[in-house]
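Reviewing the structure listed below.
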Amino acid sequence: MHSITITQFLLEEQRKEGNVTGEFTLLLNDIVTACKRISCAVNKGALVGTMGSLDSENIQGETQKQLDVITNDIFLEANQWAGYIAGMASEEMDDPYDIPEKYKQDGKYLLLFDPLDGSSNVNVNISVGTIFSILRSPEGVSHPKAADFLQPGTSQVCAGYALYGSSTMLVLTTGRGVNGFTLDREVGEFYLTNPEMQIPSDTQEFAINMSNQRFWDAPVQRYVSECLQGEQGVRGKDFNMRWVASMVAEVHRILIRGGLFMYPIDSKLRDKGGKLRLMYEANPMSMIVEQAGGASSTGFERILDMVPNALHQRVPVIMGSKNEVEVLVSYHKK
Ligand code: P6P
């Protein structure tokens with residue numbers, strides 16, 4: 001027995017907010033369609049020869065996979081035509097994408113996305129995902145420039161991700177909690193399977209790339225070594241560790257069973273500001289995590305409060321179970 005579809009859920013949400021134009025629901029439906037198409041593209045990769053890398057690099061200097069560009073184009077194509085969006089920005093494009101004149105309406109929203117986060121995992125068949133964030137387009141701006149996207153994470157009207165794993169799931173928030181949907185491929189619809197997702201406040205599981213240990217600052221060194229000391233140490237309990245190298249998979253695990261995800265600043269990344277991107281990775285994931293009762297910080301400040309200074313700005317990220325985030329943030333204060 002299936003529960004309700006994502007479209008029915010979104011319409012019911014809009015009615016609760018008294019926003020009965022249905023425009024936002026239609027906008028989200030286009031994003032849902034893009035995620036279904038990306039799920040197929042990722043699933044078929046090896047069968048149609050798209051698992052390779054290109055000679056090109058993204059603005060971060062990372063080699064682009066064929067699927068990075070294919071999925072970026074899917075997102076642009078699925079979301080440019082309806083007229084709800086004034087402009088788009090993506091990890092895979094240096095500059096914002098201006099909606100072609102033939103589709104231009106008075107779009108009220110800006111769409112930011114990482115079309116295939118964790119794409120280095122795609123040819124080893126580890127889960128990857130799409131992350132998206134929706135902001136309001138400034139009044140009267142018909143050709144948004146990068147500066148129009150530079151709004152704090154608290155300005156997001158919606159944040160979500162699709163996870164292409166053992167099943168394809170879509171998790172999103174519009175500011176009234178977090179809900180998860182699972183794709184039924186036979187029907188071609190996402191069904192509500194994880195209503196009102198909540199992150200446990202405590203956890204015994206942390207996620208960090210341990211190979212960077214020698215570069216970490218003191219607070220992270222202290223936190224991780226105390227976790228590794230286990231029951232005999234000051235924390236008085238044993239910890240487990242995970243590292244998938246795919247943020248969407250890590251955050252989804254944390255939404256289901258708790259945990260602490262860390263990609264902190266370190267001496268190797270200091271001049272770049274961090275590893276993860278604020279606008280289309282850290283901000284949407286922080287909105288989701290906070291809406292599910294978790295917390296998200298750079299170690300020094302709440303990520304959602306940051307005033308962005310660049311479209312592809314990178315930040316340190318510590319997010320997940322609230323009480324563990326607070327422990328590590330307290331170490332940054334000492
Ligand atoms: P590392 C993927 O490239 C990503 O942006 C996140 O999804 C992931 O958490 C992180 O980078 C992995 O980084 O240094 O472990 O490869």
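Keep in mind that this is a model prediction, so the values were computed, not measured. One-based numbering, in listed order, for ligands and for the atoms of each.
When hydrogens are left out, the protein atom nearest atom 14 (O) of ligand 1 is Tyr263 OH, 2.6 Å; that is the closest non-hydrogen contact.
Applying the side chain to side chain donor-acceptor pair (under 3.5 Å) definition to pairs two or more places apart or across chains, those involving residues 83-92 are Gln64-Glu92, Asn72-Ser90, Glu91-Arg277.
Across the listed options Gly118, Ser246, Ala249, Gly118 owns the non-hydrogen atom lying nearest to atom 3 (O) of ligand 1. When the options Gln60, Lys275, Met210, Met247 are ranked by their closest heavy atom to atom 6 (C) of ligand 1, first place goes to Met247.
Contact atoms of ligand 1 toward Phe261: 9 (O) (distance under 4.0 Å to a heavy atom of the residue). Ligand-side atoms of ligand 1 in range of Glu281: 5 (O), range being under 4.0 angstrom from any heavy atom.
A donor-acceptor pair under 3.5 Å is absent between the side-chain atoms of Ser155 and the main chain of Gln151, judged by distance alone.
In summary, the aromatic rings of Tyr223 and Trp216 are positioned with their centroids too far apart to meet the 6.0 Å limit.
With Asn194 as reference, Ile256 is the one residue of Leu255, Ile256, Val178 to meet the side-chain contact (heavy atoms from CB on, under 4.5 Å) rule.
Any N or O atom pair closer than 3.5 Å counts here, and Asn212 shares no such pair with ligand 1. Between Leu276 and ligand 1, a contact under 3.5 Å exists for no N or O pair.
Not a single heavy atom of Glu250 lies less than 4.0 angstrom from ligand 1. Distances from ligand 1 to the non-hydrogen atoms of Ser120 include no value under 4.0 Å.
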Test side-chain hydrogen bond (donor to acceptor under 3.5 Å, both in side chains) applied to Arg302 and Thr154, step by step: CA-CA 10 Å; Arg302 180 185 180 223; Thr154 46; 5.8 Å; no
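Ring-plane geometry between Phe181 and Phe9 is classed as perpendicular, the angle between the planes exceeding 60 degrees on a 0 to 90 degree scale with a lower cut at 30.
Side-chain contact, Glu324 with Thr203: no donor N or O sits under 3.5 Å from an acceptor N or O.
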